[in-house]
**Student:** 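Before I ask anything, here is the structure I am working with.
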Amino acid sequence: MNTILPVILDDTPDHTLNAGRSERFIDALADVGWCVVDDFITPIRVAELRANLLASWEEGEFRPAGVGRGEKWELKPEVRTDRVCWLDPNQATPPVRFYLELMERLRNDVNRNLFLGLVEFEAHMAVYPPGTYYRKHLDQFIGVGTRTLSAILYLNENWQPEDGGQLRIYTDETDENRYQEITPIGGRLVLFLSARFLHEVMPARRERLGVTGWFRTRDMKHV
Ligand code: OGA
Ligand code: MN
């Protein structure tokens, strides 16, 4: 089955998702649990978000990324060596606000179509300096089932397959030799069900930029 589904979105003046636009890739998500959307945002919006990211980088706002949550959080350079800067919706610059609004639209569209009950969104900007990686992992924390849908938007300019840095998604739980490799080209959005797909970020020859987010469901532990 062809699971790569590039969708060119119409370029409307407000650059937001129209009703019906997301239906095509939400169908793919429903079918196979993941999809790739090319030109999710326009090159101008990609450039704005990238400039925003690089400004935060220059300001020293990025930190080495860790694994785990709360008291279990730790640096594990054998697992991941990227650097991240969490987005604070209360201090969002216009490009970040634009991105968060798009994700809010997407959240509503996915809920309407797939009944996933997504209630929250959290995201960080990520920089993978040359040679860095994030080894094979799942985006859900053990015992905490709230991260449900992962969304990664790449911000790289003129990225070539030989630059490396592919996102490798393992598409068959029973066969680790089956995977798809996704080149992190600017404007490309990747969506996948967080609990279902092991994935990894291959080392790149160039600095690799993106925004990674997770739609969460309510934490049922406290109900
Ligand atoms: C992550 C992740 C993938 C990517 O941050 O959890 O898997 O392509 N990122 O950047
Ligand atoms: Mn991940």
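Just so you know, ligand 1 is whichever comes first in the structure, and atom 1 is the first atom listed for that ligand.
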**Student:** Would you compute the distance between atom CG of N177 and atom CG of D175 and round it to the nearest 0.5 angstrom?
**Tutor:** 5.0 Å

**Student:** Which residues satisfy the side chain to side chain contact (heavy atoms under 4.5 Å, CB included) test with K72, sequence neighbours excluded?
**Tutor:** none

**Student:** Please work out which of the three classes, parallel, tilted or perpendicular, describes the rings of W86 and W214, given edges at 30° and 60°.
**Tutor:** tilted

**Student:** When you measure from the Mn ion (ligand 2) to each N, O or S atom of H199, which atom gives the shortest distance?
**Tutor:** NE2

**Student:** Using a 4.0 Å heavy-atom threshold (strictly under), name the region of V190 that reaches ligand 1: side chain, backbone, both or neither.
**Tutor:** neither

**Student:** Only heavy atoms of W214, strictly under 4.0 Å: list the atoms of ligand 1 that pass.
**Tutor:** 6 (O)

**Student:** Considering non-hydrogen atoms of the protein only, which is the closest contact for atom 10 (O) of ligand 1, and what is the distance?
**Tutor:** R208 NH1, 2.9 Å

**Student:** Does D139, backbone or side chain, put an N or O under 3.5 Å from an N or O of ligand 1?
**Tutor:** yes

**Student:** Quick one: which ligand 1 atoms are inside 4.0 Å of a heavy atom on H137?
**Tutor:** 1 (C), 2 (C), 6 (O), 7 (O)

**Student:** Any heavy-atom pair between the side chains of R208 and Y154 that's under 4.5 Å?
**Tutor:** yes

**Student:** Restricting to N, O or S atoms of D139, which is nearest to the Mn ion (ligand 2)?
**Tutor:** OD1

**Student:** Using a 4.0 Å cut-off to any heavy atom of V201, which atoms of ligand 1 qualify?
**Tutor:** 3 (C), 4 (C), 8 (O), 9 (N), 10 (O)

**Student:** Tell me which protein heavy atom sits closest to atom 1 (C) of ligand 1, plus the residue, atom name and distance to 0.1 Å.
**Tutor:** Y134 CE1, 3.7 Å

**Student:** Salt bridge between E181 and R168, side-chain N to carboxylate O under 4.0 Å?
**Tutor:** yes

**Student:** Looking only at protein heavy atoms, identify the closest one to atom 8 (O) of ligand 1 and say how far it is in Å.
**Tutor:** Y154 OH, 2.5 Å

**Student:** Does the distance from a Lys or Arg side-chain N to an Asp or Glu carboxylate O, for R147 and E122, drop under 4.0 Å?
**Tutor:** yes

**Student:** Before giving the answer on side-chain contact (heavy atoms from CB on, under 4.5 Å), spell out for V190 and I169 the whole-Å C-alpha distance, their side-chain angles and the decisive distance to 0.1 Å.
**Tutor:** CA-CA 10 Å; V190 183; I169 297 189; 4.0 Å; yes

**Student:** Is R45 close enough and on-axis enough to F98, meaning under 6.0 Å and within 45°, for cation-pi?
**Tutor:** yes

**Student:** Among all protein heavy atoms, pick the one closest to atom 5 (O) of ligand 1 and tell me residue, atom and distance.
**Tutor:** T212 CG2, 3.6 Å

**Student:** Using a 4.0 Å heavy-atom threshold (strictly under), name the region of H199 that reaches ligand 1: side chain, backbone, both or neither.
**Tutor:** side chain

